[in-house]
Number of protein chains: 2
Amino acid sequence: MTSISIVGSGNMSQALQALFTRAGATVQVVNHGDLASTAIEGDIVVLAVPYTALTEIAGTLGSKLDGKIVVDITNVLDFSSFTPIKLPAGSAAAELAAAAPNAKVLKAFNTNFAATLTSGKVESAPISVLVAGDDADAKKTFGEVVTASGAAVYDLGGLDRAAELESLGYTQLLLAGTNQIGWTNGFALFK
Amino acid sequence: MTSISIVGSGNMSQALQALFTRAGATVQVVNHGDLASTAIEGDIVVLAVPYTALTEIAGTLGSKLDGKIVVDITNVLDFSSFTPIKLPAGSAAAELAAAAPNAKVLKAFNTNFAATLTSGKVESAPISVLVAGDDADAKKTFGEVVTASGAAVYDLGGLDRAAELESLGYTQLLLAGTNQIGWTNGFALFK
């Protein structure tokens with residue numbers, strides 16, 4: 001059975017708890033404030049925190065992340081102007097990979113609104129979870145558990161492709177932030 | 001009645017002819033090779049050509065594009081490696097706007113596969129046409145005719161947002177190019 005640790009306790013954390021529980025995985029939730037004093041039990045560690053906390057968390061956890069599959073779900077934007085922020089590393093996921101060099105970093109879930117992760121659906125379609133990362137085995141393990149939740153998983157390629165996932169995540173946030181779509185649907189992908 | 005000129009005669013041109021005909025618009029098709037000798041009748045000029053032809057076409061048409069709504073539908077990638085090409089201007093649409101400074105340039109249709117423009121559907125949903133551009137009146141005129149075709153139109157904002165549309169177009173091409181989706185569906189957007 002796959003074990004998942006979810007860092008953070010906000011709405012994305014709660015939605016991912018629902019998804020991974022539906023997949024039959026063991027789920028540990030670690031509050032951001034308890035990180036230093038808590039053993040990380042999961043083979044997969046999902047950082048369900050804002051972008052601004054990523055590097056600090058990687059520093060706090062340090063070697064506890066070595067060998068783990070670490071999933072970055074963040075979107076990076078200036079919420080005052082609702083414009084994207086271009087990161088020198090190319091993506092938030094690339095920044096995280098630099099801060100946790102012995103972790104197997106994946107980008108995923110940033111293109112799925114919380115409500116859809118909870119329900120598993122966009123309208124009548126299964127949610128589409130787009131993933132990028134350099135470690136093929138890590139993507140396989142991640143893909144199997146997410147597929148078990150009922151979601152469709154798509155592999156975008158290496159971690160370089162996190163830039164496109166972050167662009168798509170931003171686009172969906174922009175559409176909701178401008179009231180052109182709601183927060184309970186969004187993009188679906190049909191084969 | 002809105003009049004449309006479509007430059008190019010390939011599969012995207014044919015699909016857009018179907019879409020605009022469905023919308024009740026008058027459609028003129030101009031072959032790329034006949035541009036210099038043909039009067040451009042449309043208020044909206046859709047350049048249904050590869051990215052590599054955009055600047056040359058803008059040069060050939062010159063002042064014939066002044067005041068026109070000009071729609072860039074291109075995606076920019078290295079087809080040998082299937083990787084995105086980063087343009088110094090930020091997007092193909094920005095390059096076109098620089099080459100046709102008196103045109104009202106919009107980015108649209110690059111996130112819709114030809115088959116879906118022809119049918120008007122992704123699976124059972126109406127197609128979603130995402131548009132970006134700096135001229136609000138141009139987007140309104142464009143939005144009205146595309147909506148009349150049965151499509152749902154979403155406004156991403158100014159032409160700066162063409163970068164996100166090109167990223168999304170690339171992502172969809174990558175998914176089809178790696179056989180994870182077919183060429184007759186793709187992304188749908190649900191409110």
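All values reported here derive from a predicted model rather than from experimental measurement. All chains are named by letter (A, B, ...) in the order of the sequence lines, taking the proteins before the strands, and each is independently numbered beginning at 1.
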Query raised in the report: Can you tell if the side chain of B:Ile181 reaches within under 4.5 Å of the side chain of A:Tyr154, non-hydrogen atoms only?
Result: yes
Query raised in the report: Linking I/L/V/M/F/W/Y whenever any side-chain heavy atoms sit under 4.5 Å apart, do A:Val76 and A:Val105 land together?
Result: yes
Query raised in the report: So if you build clusters from Ile, Leu, Val, Met, Phe, Trp, Tyr with side-chain heavy-atom gaps below 4.5 Å, do B:Ile6 and B:Leu47 land together?
Result: no
Report summary line: Closest heavy-atom pair, A:Phe190 versus B:Val122, reported as atoms and distance to 0.1 Å, is CD1-CG1, 3.6 Å
Report task. Below 4.5 Å from any heavy atom of chain A, which atoms of B:Leu130 appear? Answer side chain, backbone, both or neither. Result -> side chain
Query raised in the report: Side-chain heavy atoms under 4.5 angstrom apart, residues restricted to Ile, Leu, Val, Met, Phe, Trp, Tyr: same cluster for B:Val7 and B:Leu96?
Result: yes
Requested in this report: Against chain A, label B:Leu189 side chain, backbone, both or neither, depending on which of its atoms sit under 4.5 Å from a heavy atom there.
Outcome: both
Query raised in the report: So what's closer than 4.5 Å to chain A heavy atoms on B:Leu174: side chain, backbone, both or neither?
Result: side chain
Query raised in the report: Does any heavy atom of chain A fall under 4.5 Å from the side chain of B:Tyr170, the backbone, both, or neither of them?
Result: side chain
Query - Within one Ile-Leu-Val-Met-Phe-Trp-Tyr cluster: B:Val45 and B:Leu35, side-chain cutoff 4.5 Å - result: yes
Query raised in the report: Given a strict heavy-atom distance threshold of 4.5 Å, which part of B:Asp160 is in contact with chain A: side chain, backbone, both, or neither?
Result: neither
**Report entry** Connected via hydrophobic side-chain network under 4.5 Å: B:Ile127 and B:Ile73
**Finding:** yes
Query raised in the report: Got A:Arg161 and B:Pro84 here, is their nearest side-chain heavy-atom distance under 4.5 Å?
Result: yes
Query raised in the report: Nearest 0.5 Å, what's the OG1-CZ distance between A:Thr111 and B:Phe187?
Result: 7.5 Å
Requested in this report: Could you please spell out the steps behind the side-chain contact (heavy atoms from CB on, under 4.5 Å) verdict for A:Asp155 and B:Gln180?
Outcome: CA-CA 8 Å; A:Asp155 183 357; B:Gln180 296 184 80; 3.9 Å; yes
**Report entry** Portion of A:Leu156 that has a non-hydrogen atom of chain B nearer than 4.5 angstrom
**Finding:** both
